[in-house]
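Here's the structure, in structure tokens; my notes come after.
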Amino acid sequence: MLEKLIKAEKLEVVSHLAASISHEVRNPLTTCKGFLQLSYEQEKSPEVKQYLGTAIQELDRASDIINDYLTFAKPAPEKVEKVSVFQEVHNVVNVLTPLANMQDVQIFTNLDESNQNYISGDRKKLEQSLINIVKNGIESMPKGGKLIINSVVDYPVVRIKIRDEGKGMTQQQINRLGEPYFTMKNNGTGLGMMVSFSLIKGMDGHISVDSEVGKWTSFTIEFPMAY
Ligand code: ADP
Ligand code: MG
């Protein structure tokens, strides 16, 4: 219990920090990119042009991190609306299909199309939380494989399952999931799961994970149905 409390406190500090960082850093990044883009267009020397191109790419990576991982921290007012799980999962699949294709990963969906497959929350936050999980699933299969997303309505909850055929996790790794900066990747941020966990919790959801090392991982997320 004590351990849980401390973890929750740390999370709060981190998301506070994240909110101010993403807010403060976004503007200067945009300014830099604008000027670099201008210089790039006017530059004659191919060598300098290449440097500028690299600088622009790196700035894009920085803003990717902010956008991918910290959008939830935007000081925008939170929206609570009726959100279609069917629609949002499709959006997520569209966003991540290019990444999946690059890695020979096929995404399959099996989604309840009834008008009960709705939850209440913020559309963008649901998308972000699923994107971070699905992205990890794709990244866990560097040699390709299948990623299956299904959602069923099981009164009074909507249950979403995301299953990959990737490298899996040990119990120790599972225990550390959601801990800020925990990553097993060379260029990982270790923020994705923390963000997903806190977004899901914020929408009264519950997430659990099951995995077999070297074989598969499956995330199960449950939200209360919207009425
Ligand atoms: P990052 O992806 O930047 O490493 P995350 O917070 O998204 O950070 O994930 C943390 C770690 O959890 C990953 O580095 C990985 O080791 C592990 N992980 C998360 N999802 C999966 C998955 N589907 N399969 C295997 N490992 C996973
Ligand atoms: Mg990740």
Side-chain angles (χ1 to χ4, degrees), residues 7-8 10-19 21-22 25 58 60-73 89 91-93 95-110 124-151 159-202 205-222:
K7 223 175 173 177
K10 275 193 192 158
L11 254 177
E12 208 169 299
V13 173
V14 170
S15 63
H16 250 87
L17 207 66
I21 291 173
S22 80
V25 170
E58 291 296 298
D60 282 343
R61 168 159 162 81
S63 51
D64 272 358
I65 293 175
I66 291 183
N67 290 335
D68 282 9
Y69 291 99
L70 304 175
T71 30
F72 82 105
V89 170
N91 291 348
V92 167
V93 172
V95 169
L96 292 177
T97 295
L99 179 73
N101 287 342
M102 278 193 313
Q103 270 179 229
D104 249 343
V105 169
Q106 276 181 293
I107 304 180
F108 295 93
T109 56
N110 187 0
K124 284 287 159 201
K125 290 186 175 183
L126 175 63
E127 274 182 26
Q128 182 78 58
S129 65
L130 297 177
I131 282 176
N132 293 353
I133 294 168
V134 175
K135 210 167 166 192
N136 282 339
I138 296 171
E139 287 166 352
S140 78
M141 298 185 278
K143 295 193 192 120
K146 276 193 227 118
L147 187 134
I148 302 166
I149 309 174
N150 65 49
S151 93
R159 185 175 306 116
I160 305 170
K161 267 188 201 261
I162 299 170
R163 186 186 163 104
D164 64 56
E165 304 174 330
K167 50 181 71 140
M169 282 176 275
T170 63
Q171 188 57 47
Q172 263 173 330
Q173 288 165 3
I174 292 178
N175 292 346
R176 295 195 61 189
L177 272 185
E179 188 180 297
Y181 308 117
F182 165 64
T183 181
M184 301 282 291
K185 297 170 193 167
N186 288 333
N187 54 356
T189 63
L191 293 174
M193 291 308 297
M194 178 201 81
V195 169
S196 293
F197 282 16
S198 65
L199 290 176
I200 290 165
K201 201 170 151 222
H206 177 268
I207 180 164
S208 61
V209 53
D210 206 1
S211 184
E212 210 178 319
V213 175
K215 293 202 169 146
W216 52 268
T217 298
S218 169
F219 284 92
T220 304
I221 310 158
E222 285 180 356

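Counting starts at 1 for both ligands and their atoms, in listed order.
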- Query: Between M184 and ligand 1, which part of the residue brings a heavy atom under 4.0 Å of the ligand: side chain, backbone, both or neither?
  - Reply: both
- Query: Which of the numbered atoms in ligand 1 are below 4.0 angstrom from a heavy atom of G190?
  - Reply: 1 (P), 3 (O), 6 (O), 8 (O)
- Below 3.5 angstrom, do we get any N/O pair linking M194 and ligand 1? no
- By number and element, which atoms of ligand 1 are closer than 4.0 Å to a non-hydrogen atom of L177? 12 (O), 19 (C)
- Query: Do the non-hydrogen side-chain atoms of E179 and M194 ever get within less than 4.5 Å of each other?
  - Reply: no
- Task: Going by heavy-atom distance to atom 4 (O) of ligand 1, choose the closest among T183, V213, I138.
- Result: T183
- Count the heavy atoms belonging to other residues, nucleotides or ligands that lie under 6.0 Å from CD of E212, then report whether that count exceeds 12. yes
- May I ask you to test the L177-M169 pair for a side-chain heavy-atom distance under 4.5 Å? yes
- Message: So L147 and R163, do their side chains get closer than 4.5 Å, heavy atoms only?
- Response: no
- Task: Flag the pair V92 / K135 as yes when at least one side-chain heavy-atom distance between them is below 4.5 Å, and no otherwise.
- Result: no
- Query: What atoms of ligand 1 come within less than 4.0 Å of a heavy atom belonging to G168?
  - Reply: 25 (C)
- Message: Would D164 count as being in polar contact with ligand 1, using the rule that some N or O on each side must be under 3.5 angstrom apart?
- Response: yes
- Query: Which atoms of ligand 1 sit under 4.0 Å from any heavy atom of T217?
  - Reply: 23 (N), 24 (N)
- Task: State, yes or no, whether a side-chain contact exists between K161 and F219 at a heavy-atom distance under 4.5 Å.
- Result: no
- Message: Any heavy-atom pair between the side chains of W216 and D210 that's under 4.5 Å?
- Response: yes
- Message: So, 4.0 Å and heavy atoms of Q173: is ligand 1 close enough to count as a contact?
- Response: no
- Message: Give the atom numbers and elements of ligand 1 that come within less than 4.0 Å of a heavy atom of G137.
- Response: 23 (N)
- Task: Look only at interatomic distance and state if F219 has a nitrogen or oxygen under 3.5 Å from any nitrogen or oxygen of ligand 1.
- Result: no
- Item | Subset of ligand 1 atoms that lie under 4.0 Å from at least one heavy atom of S140 | 24 (N), 25 (C)
- Note on the structure: Heavy-atom proximity to atom 20 (N) of ligand 1 ranks first, among N136, L147, N186, I174, for N136
- Task: Using a strict 4.0 Å cut-off to heavy atoms of G192, name the atoms of ligand 1 that fall inside it.
- Result: 5 (P), 6 (O), 7 (O)
- What atoms in ligand 1 come closer than 4.0 Å to a heavy atom of M193? 5 (P), 6 (O), 7 (O), 9 (O)
- Under 3.5 Å side-chain donor-acceptor pair for S129 and S196: no
- Query: Does M193 put an N, O or S atom under 2.8 Å from the Mg ion (ligand 2)?
  - Reply: no
- Do the side chains of T109 and V93 get nearer than 4.5 Å, heavy atoms only? yes
- Query: Can K185 and E139 be counted as an ion pair, charged N to O under 4.0 angstrom?
  - Reply: yes
